[in-house]
Amino acid sequence: MRLNCPYCGTRSVNEFVPLGSASPKRPTLAEPIERWIDYVYFRDNIAGEHDEYFYHAMGCRSWLIVTRNTVTHEIIGTKIAREVAA
Ligand SMILES: [Zn+2]
């Protein structure tokens with residue numbers, strides 16, 4: 001599998017470190033503990049397009065959000081994570 005880093009171009013996936021889903025939104029400290037438990041321990045198993053974090057460890061050291069189809073493994077797009085509004 002190959003990923004397109006916006007800074008480095010198309011590279012082998014072996015240059016990247018996956019972190020996991022980019023979908024969960026981190027709760028604030030004021031939110032109840034149940035919200036934190038859900039955020040830390042529970043994830044949806046999505047079939048279809050899904051955003052995931054990847055770190056370009058062997059390249060520019062940027063965090064990317066990779067949109068991937070979890071059924072077909074097609075890479076739909078990549079973008080720099082810090083440029084995405086929180
Ligand atoms: Zn890069």
Side-chain angles (χ1 to χ4, degrees):
M1 186 163 83
R2 297 179 68 79
L3 295 178
N4 183 34
C5 174
Y7 293 131
C8 306
T10 303
R11 302 295 177 101
S12 168
V13 72
N14 295 329
E15 293 187 8
F16 297 84
V17 176
L19 178 67
S21 176
S23 299
K25 299 300 177 209
R26 186 183 180 95
T28 65
L29 292 176
E31 293 188 56
I33 190 69
E34 292 81 11
R35 175 74 180 91
W36 277 96
I37 291 169
D38 188 54
Y39 171 74
V40 172
Y41 294 109
F42 297 105
R43 295 287 185 267
D44 294 329
N45 190 13
I46 296 170
E49 288 189 20
H50 185 58
D51 289 338
E52 298 170 318
Y53 285 116
F54 280 81
Y55 177 64
H56 198 181
M58 306 281 282
C60 63
R61 297 181 179 255
S62 293
W63 283 98
L64 307 179
I65 294 177
V66 175
T67 304
R68 181 176 70 89
N69 186 315
T70 58
V71 176
T72 64
H73 302 292
E74 174 191 7
I75 303 297
I76 293 138
T78 57
K79 51 196 167 201
I80 302 295
R82 67 186 157 132
E83 295 176 356
V84 176

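Both ligands and their constituent atoms are indexed starting at 1 by order of listing. These numbers come from a predicted model, not from an experiment.
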Within the structure provided, determine whether Ile76 and Asn69 are in side-chain contact (heavy-atom separation under 4.5 Å). yes

All pairs passing side-chain hydrogen bond (donor to acceptor under 3.5 Å, both in side chains) where residues 55-66 contributes a residue, at least two apart: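 Those involving residues 55-66 are Glu15-His56.
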
Does anything in residues 37-46 form a side-chain hydrogen bond (donor to acceptor under 3.5 Å, both in side chains)? List the pairs, not counting sequence neighbours.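 Sorted result for residues 37-46: empty, none.
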
Thr78 and Asn4: side chain donor to acceptor below 3.5 Å: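 Note: Thr78 and Asn4 side chains miss the donor-acceptor criterion.
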
Take a 6.0 Å sphere around CD of Glu31 and say whether it holds more than 12 heavy atoms from other residues, nucleotides or ligands. yes

The Zn ion (ligand 1): protein N, O or S atoms that are less than 2.8 Å away, sorted by chain: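 You should have found Cys5 SG, Cys8 SG, His56 ND1, Cys60 SG.
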
For Ile33, give me all partners under side-chain contact (heavy atoms from CB on, under 4.5 Å), at least two apart in sequence or on another chain. Trp36, Ile37

